[in-house]
Each structure stands twice: as structure tokens, then as C-alpha cells.
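Input: a single structure, listed below in C-alpha cells.
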Amino acid sequence: MAAGCHRGDSGVGPDELHTANAERGDPSRLLVAGDLGADWHADDARTGLPQWPWEQGSCPNYKSSDYPAKSHRRAAVQRYYRLSDGSSPAHHVVETYEPGWAERNVEDVRRVLLRCASYPVLGSQVSFDVVDPHYMGGTGMLVRGRIAHADTPNTVTYFLMLKRGETVSTVRLPDPGSQVVVDEIAARAVARLD
């Protein structure tokens, strides 16, 4: 979804997508596989700095350069997770911003969610709904993403964006079928920011 429906913006270099001046962040702020559940395993095969978790290159109303906060990241780190059965993966990114830019990042995310609330991709329809704009007592935002397919069941993914000071934690999680599970994972992600 946020990381799986991209097309390249013409004229946009890798620095705009990945913030080349950022350093690798502290991996201790990332969830461990057990934080997601017993059947999850870390999949750290992907290396390098993560791109901004809200890139929407397939959205016709999206232009990467319209979202300046990501170019003010000081550090970023990511981890991928997979289930034993090989179903949809999970992803966690923790970003640290220059002073004042974490809040601007939240504003950029809100604009992405407005401009790209729903758009077609390869015969499917991608959509985002803000479930809770003040999630976890105002420290974050809970977003439900959906890819509607014509001939198969919809794919539902939750995005948990949590902010502490100048640090933003974004977890992308396939629908666990329970709001309680989503909330428990969000609480564990917040605890790693403290």
C-alpha cells in the first residue's frame, strides 16, 4: 500500500524519496517481531535508509516535492516483518526530524491523506480512511488503508503514526482482525519512543 503502489515521479531524484543527508537511526526504537505476535519474524534483508512511509507515487494527485518535511530527517531506521504463512508483511519506520519538522511531517501526512484519499491502480482502487486523527491520546493518527480488487477480497492495512517530540514512528500492519491487537501494537511502539 504506502510502500507498494509507487510509480516514479519524473524529475524526482532518490534524495527526495530517501533523504540522503539522514543517518541510520537507533534500531532499538523499532518493534521486535514478538511485539506483533507469536507468528511474526523479523525480515531484515532490506538495508539502507527507508523512504518516507507516506510516498504515494501511484496517486495522480501526489508530487513528492510537495512534502518538504521528509527532507529534514536527521535519522531513519526501518524493519520489515513477515508471517510464517507468507501473507502480507508488516513494516516499521522510525524517523527523527530537525527541530520543528516532526510536526510539519504530521501536516504533510494529513495532506497526502486528503489528496490521495482514493485513487485507481492497476485495476484496483486504493483508499485511505483516518480512523482516529488523535490516536493514542493525541500522540498519533490511526489510518486504515484498503485496496479494493474486482475479483478478490479487499486488502486492508492499518497505519499507526505516533509522534514523540521530534521522533515519528510509523507502523504498517496487515489487518489483524481486532482493534485491540492494533492498539496493543501501537502501545508497544509508543513505549519504544520513551
Side-chain angles (χ1 to χ4, degrees), residues 1-9 12 14-19 21-22 25 29-31 49-80 89-119 121 125-147 155-175 179 182-183 185-187 189-190 192-193:
M1 186 154 291
C5 295
H6 301 300
R7 67 164 163 63
D9 281 346
V12 175
D15 291 358
E16 249 182 89
L17 296 174
H18 299 280
T19 319
N21 59 342
R29 292 187 154 188
L30 293 168
L31 294 168
L49 286 175
Q51 72 180 36
W52 190 51
W54 298 94
E55 291 286 345
Q56 293 297 311
S58 295
C59 172
N61 297 325
Y62 183 86
K63 183 177 176 191
S64 188
S65 60
D66 287 345
Y67 306 96
K70 65 182 175 235
S71 65
H72 293 271
R73 295 195 303 183
R74 285 187 166 171
V77 64
Q78 68 182 340
R79 181 172 290 146
Y80 287 86
H91 183 230
H92 188 193
V93 177
V94 176
E95 306 162 292
T96 303
Y97 286 86
E98 295 171 6
W101 284 94
E103 187 58 40
R104 292 179 188 176
N105 175 67
V106 173
E107 294 167 12
D108 281 356
V109 171
R110 291 183 195 283
R111 284 199 330 269
V112 168
L113 294 171
L114 286 173
R115 290 182 183 172
C116 297
S118 183
Y119 61 90
V121 175
Q125 189 72 24
V126 173
S127 62
F128 295 98
D129 299 304
V130 177
V131 176
D132 187 345
H134 306 289
Y135 191 55
M136 299 295 290
T139 63
M141 185 181 342
L142 176 62
V143 177
R144 182 178 41 247
R146 179 176 287 121
I147 300 177
T155 303
V156 176
T157 303
Y158 283 92
F159 298 85
L160 322 170
M161 187 178 74
L162 311 159
K163 185 178 97 52
R164 282 280 195 271
E166 295 302 329
T167 302
V168 178
S169 175
T170 305
V171 179
R172 185 184 77 223
L173 179 70
D175 185 4
Q179 181 68 43
V182 171
D183 294 343
I185 292 169
V190 166
R192 293 206 173 258
L193 297 179

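Note: hydrogens, waters and symmetry copies are ignored here, and every other heavy atom, side chains too, is used.
Nearest heavy atom pair, residue Gln56 against residue Cys116, reads CB-SG, 4.2 Å. Taking all atoms of both residues into account, the shortest heavy-atom contact from Met141 to Pro133 is CG-CA, 4.1 Å. Across Asp108 and Ala69, no two heavy atoms sit closer than the pair OD2-N, 3.0 Å. Taking both residues in full, the closest heavy atoms of Gly145 and Phe128 are given as CA-CD2, 4.0 Å, listed atom of the first, atom of the second, then distance. Minimum interatomic distance between Leu30 and Arg192 (heavy atoms only, all atoms of both residues): O-CD, 3.1 Å. Asp132 and His134 get closest at one heavy-atom pair: OD1-N, 2.9 Å.
Considering CG of Leu113 and OG of Ser118, their distance stands at 12.5 Å, rounded to 0.5 Å. With rounding to the nearest 0.5 angstrom, the OG1 atom of Thr155 is 10.5 Å from the CG atom of Asp175. Of the inter-residue distances, the one linking Arg164 atom CZ with Arg29 atom CZ reads 10.5 Å to the nearest 0.5 angstrom.
With contacts defined as side-chain heavy-atom distances shorter than 4.5 Å, the pair Pro50/Arg79 does not qualify. Side-chain atoms of Thr96 and Trp101, non-hydrogen and from C-beta on, never get closer than 4.5 Å to each other. For the pair Thr157 and Leu173, the minimum side-chain heavy-atom distance is 4.5 Å or more. With a 4.5 Å cut-off on side-chain heavy atoms, Val93 and Trp52 do not count as touching. Leu160 has its side chain within reach of Ile185: a pair of non-hydrogen atoms, C-beta onward, lies under 4.5 Å apart. Between Val109 and Met161, the closest side-chain pair of non-hydrogen atoms falls below 4.5 Å.
Checked for salt-bridge contact, Arg73 and Glu98 miss the test: no charged N lies under 4.0 Å from a carboxylate O. In this structure, Asp66 pairs ionically with Arg115, as a charged nitrogen and a carboxylate oxygen lie closer than 4.0 Å. Here Lys163 pairs with Glu103 in a salt bridge; the nearest charged N to carboxylate O distance falls below 4.0 Å.
In this structure a side-chain-to-backbone donor-acceptor pair under 3.5 Å is present from His92 to Leu31. With hydrogens and angles ignored, the 3.5 Å screen pairs a side-chain donor or acceptor of Lys70 with a backbone N or O of Ser64. Side-chain N or O atoms of Glu95 include none that pairs as donor or acceptor with a backbone N or O of Ala75 at under 3.5 Å.
One side chain, Tyr97 or Asn105, offers a donor N or O that lies under 3.5 Å from an acceptor on the other. Between the side chains of His91 and Gln78, at least one donor N or O sits under 3.5 Å from an acceptor N or O.
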Q: Assess whether side chain to side chain contact (heavy atoms under 4.5 Å, CB included) is satisfied between Phe159 and Leu142, documenting all intermediate values.
A: CA-CA 6 Å; Phe159 298 85; Leu142 176 62; over 6 Å; no
Q: Evaluate the criterion side chain to side chain contact (heavy atoms under 4.5 Å, CB included) for residue pair Arg110 and Trp54; output intermediate values, then yes/no.
A: CA-CA 10 Å; Arg110 291 183 195 283; Trp54 298 94; over 6 Å; no
Q: Determine, step by step, whether Val143 and Asp129 satisfy the side chain to side chain contact (heavy atoms under 4.5 Å, CB included) criterion, reporting the C-alpha distance in whole Å, the side-chain angles of both residues, the deciding distance to 0.1 Å, and the verdict.
A: CA-CA 6 Å; Val143 177; Asp129 299 304; over 6 Å; no
Q | Working for side chain to side chain contact (heavy atoms under 4.5 Å, CB included), residues Arg146 and Val126 | A | CA-CA 6 Å; Arg146 179 176 287 121; Val126 173; over 6 Å; no
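The six-membered or imidazole ring of Tyr67 lies near that of Tyr62, with a centre-to-centre distance under 6.0 Å.
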